[in-house]
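The model shown is predicted, which means the values in this text are computed figures rather than measured ones.
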Amino acid sequence: MTRMKLNDYFEFPMELNMEPFTQEGLERAEKEKEKQAGKETVVPNRKFNDDYYNYKLRGIIIHSGTAESGHYYSYIFDLEQKKWFEFNDQWVTEINEGDIANECFGGEEKYS
């Protein structure tokens, strides 16, 4: 069996609204389609406010290396300081949120 690590580019949001993926959200979407198709139907209101469905990214785990070996490290958002930090073994360093895309989305590695 051959192991192969995928390092495809994968972008993810800093905030994610999960309402469309809940049972409630799926039912609301179905009723919206029915209404747009001309059917007389009532689209139910959301059961909760927007904050209930919105998730904010708080941590990222990264693997560098190959499928056979490598190293894991993390980026974690500190809620008190409102800053991102890289936790890499004994090193903890502050990082700029704007650098997350370059560091975490994968794709071809760039060497300097």
Self-check item: Any donor-acceptor N/O pair, R28 side chain to P44 backbone, under 3.5 Å
Solution: yes
Neighbour count >12 (heavy atoms, 6.0 Å) for atom [atom1], [X]:
| X | atom1 | value |
| --- | --- | --- |
| F105 | CZ | yes |
| E34 | CD | yes |
| L26 | CG | yes |
| Q23 | CD | no |
| E80 | CD | no |

I'd like to know if [Y] and [X] are part of one continuous hydrophobic network [Ile/Leu/Val/Met/Phe/Trp/Tyr, side-chain heavy atoms within less than 4.5 Å].
| X | Y | value |
| --- | --- | --- |
| L79 | I95 | yes |
| W91 | I60 | no |
| F21 | Y55 | yes |

Point-to-point distance, once rounded to the nearest 0.5 Å, from [atom1] of [X] to [atom2] of [Y]:
| X | Y | atom1 | atom2 | result |
| --- | --- | --- | --- | --- |
| K33 | E30 | NZ | CD | 8.0 Å |
| L57 | E15 | CG | CD | 9.5 Å |
| K83 | E97 | NZ | CD | 13.0 Å |
| N88 | Y72 | CG | OH | 13.5 Å |

For the residue pair [X] and [Y], establish whether any side-chain heavy-atom pair is separated by less than 4.5 Å.
| X | Y | value |
| --- | --- | --- |
| I62 | C104 | yes |
| K5 | H63 | yes |
| L16 | M18 | yes |
| M14 | I100 | yes |
| D89 | Y73 | no |

Quiz item: Judged by modelled atom types alone, do E24 and Y53 share a side-chain donor-acceptor pair under 3.5 Å?
Solution: yes
Practice problem: Would you please say whether a donor-acceptor pair under 3.5 Å links the side chains of E19 and N17? | Solution: no
Quiz item: For the residue pair F10 and F12, does the interplanar ring angle fall in the parallel (under 30°), tilted (30 to 60°) or perpendicular (over 60°) class?
Solution: tilted
Quiz item: Once the angle between the rings of F85 and F87 is folded into 0 to 90°, is it parallel (under 30°), tilted (30 to 60°) or perpendicular (over 60°)?
Solution: perpendicular
Quiz item: Is the centre of the W84 ring less than 6.0 Å from the centre of the F77 ring?
Solution: yes
Exercise. Begin from the C-alpha positions of M4 and T66 and carry the test side-chain contact (heavy atoms from CB on, under 4.5 Å) through to its verdict.
Key: CA-CA 8 Å; M4 185 172 117; T66 68; over 6 Å; no
